[in-house]
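The structure appears below as structure tokens.
Bear in mind that the values here come from a model prediction, so they are computed numbers and not experimental data. For this chain, numbers begin at 1 and follow the sequence in order.
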Amino acid sequence: MGSTAISTQQAFCNLQKFTPLSYASSCRSIRSRRKCAVPIRCCSPSPAAEVATAAKENRRELLKNGDDNLEICRVLNGMWQTSGGWGRIDRNDAVEAMLNYADAGLSTFDMADHYGPAEDLYGIFINRVRRERPPELLETVRGLTKWVPPPVKMTRSFVSESIDVSRRRMDVAALDMLQFHWWDYSNPGYLDALKHLTDLKGEGKIKTIALTNFDTERLRIILENGIPVVSNQVQHSIVDMRPQQKMAELCQLTGVKLITYGTVMGGLLSEKFLDTNLTIPFAGPALNTPSLQKYKRMVDAWGGWSLFQELLRTLKTVSNKHGVSIPTVAVRFILDQPAVAGSMIGVRLGLSQHIKDANAVFSLVLDEEDISNILQVTNKGRDLQKVIGDCGDEYRRA
């Protein structure tokens, strides 16, 4: 079983000394602790070779806890959109799109047991990679899935049988990563489930264990129980900076990394919604997907549509300066935050693609002026930690 660099108990004791960081102080903290995370752009442009080298080095991240480790692409392909509500997906077109992403270097796919056919699509895709692509590509492909069990007794047989379903659907001997979600903290069965998952990891059925939507307090408890967690997947965007408060501090002290979703807010953080007025019926783009509806509620909780438009205008200025898109800036901003290993961009397989924008993230460098301009707007919004609670609390409130 893996161990962390320092005891989790000591880490959490250290964590209590910190107060929640405002966006502005968070940025100062980022620059003081990770000076390389937000480099200052020189007056003259970098040579193309240096940019290409930097992009290659910035592309992948190693998640690690003790002897457990998994290297992933820092921009992940999120497959939630296969679960319904985004339009019909053709199986053959979807698999072809997955191959295109992998061929372009975007070779980490995130899914779940309840994302419709996502695991089945991955199984078809990985077999085509085995047959049709060189071994070097297969070595970089990663399939991260989630297990979201019902609140029943977490017996060894129930956990093992559930994991075997994902292994069969994805057609792999061992899951690259199993990200575990639990709805009700008052039910301590999550610790039983995680201990069984740790045993299954020891048997070679799982390579790494991770969490999704756990809060800081429960992450501490899980680590104290010796569960070798390598990451926690949480909602994190320029609007939702909650993970940079208590969660990131504990992660930095223990080595656990963050994988973020909602980073482009289902597409709200894009040119499509710039200079739109959603208060006038049919005047702007329709909020016609579950993601758009979900993150519009997050915008309302943060500061409303008018402030969001100010943010989009600022991001557009930054994106024009660097010759990239608003979503590219949004993802780069979050990847530069402490403890963040990777960020999710949802993929509408066979319907649309964002390969160019996603790959542009790796060579983009936000300078001090960019960061300052963005923070001037975000500081006007509400502290969502106070409005919603810690990471994942939005799923556990009545």
Does a side chain donor of either [X] or [Y] reach within less than 3.5 Å of an acceptor in the other side chain?
| X | Y | value |
| --- | --- | --- |
| D110 | Q233 | yes |
| T328 | S325 | yes |
| E119 | T145 | yes |
| N288 | Q293 | no |
| T314 | T317 | no |
| R59 | N359 | yes |

Minimal non-hydrogen separation, [X] against [Y], with atom names:
| X | Y | value |
| --- | --- | --- |
| V230 | A210 | CG2-CB, 4.4 Å |
| S319 | E271 | OG-OE2, 4.2 Å |
| F109 | M98 | CZ-O, 3.5 Å |
| I209 | I206 | CG1-CG2, 4.3 Å |

Requested in this report: Could you tell me whether R218 sits above the aromatic face of Y185, with NZ or CZ closer than 6.0 angstrom to the six-membered ring centre and within 45 degrees of the axis?
Outcome: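 Because its charged atom sits under 6.0 Å from the ring centre and within 45° of the axis, R218 does stack over Y185.
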Do [X] and [Y] touch side chain to side chain, with heavy atoms closer than 4.5 Å?
| X | Y | value |
| --- | --- | --- |
| K257 | V340 | no |
| T208 | L63 | no |
| S231 | M177 | yes |
| F333 | S343 | no |

Query raised in the report: Of I345, V75, V331, which is the lone residue that meets side chain to side chain contact (heavy atoms under 4.5 Å, CB included) with T263?
Result: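 The side chain to side chain contact (heavy atoms under 4.5 Å, CB included) with T263 is passed solely by V331 among I345, V75, V331.
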Query raised in the report: Just wondering, more than 12 heavy atoms not from R156 lying within 6.0 Å of its CZ?
Result: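 More than 12 heavy atoms, drawn from other residues, nucleotides or ligands, come within 6.0 Å of this atom.
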Could you state the interatomic distance from [atom1] ([X]) to [atom2] ([Y]), rounded to the nearest 0.5 Å?
| X | Y | atom1 | atom2 | value |
| --- | --- | --- | --- | --- |
| H322 | D370 | NE2 | CG | 3.5 Å |
| R128 | I126 | CZ | CD1 | 12.0 Å |
| L191 | E224 | CG | CD | 10.5 Å |

Report task. Look at the rings of Y395 and H181 and say which category their plane angle falls in: under 30° parallel, 30 to 60° tilted, over 60° perpendicular. Result ->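 The rings of Y395 and H181 stand perpendicular, inter-plane angle above 60°.
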**Report entry** F273/F308 under ring pair (Phe, Tyr, Trp, His ring centres under 6.0 Å): CA gap, chis, key distance, verdict
**Finding:** CA-CA 10 Å; F273 288 90; F308 187 69; 8.0 Å; no
Query raised in the report: Hey, is D300 close enough to K296 for a salt bridge, meaning N to O under 4.0 Å?
Result: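 Judged by the 4.0 Å cut-off on N to carboxylate O distance, D300 and K296 do form a salt bridge.
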Requested in this report: For Q353 and A97, indicate whether the former's side chain and the latter's backbone hold a donor-acceptor pair under 3.5 Å.
Outcome: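 Flag not set: sc Q353 to bb A97 has no pair under 3.5 Å.
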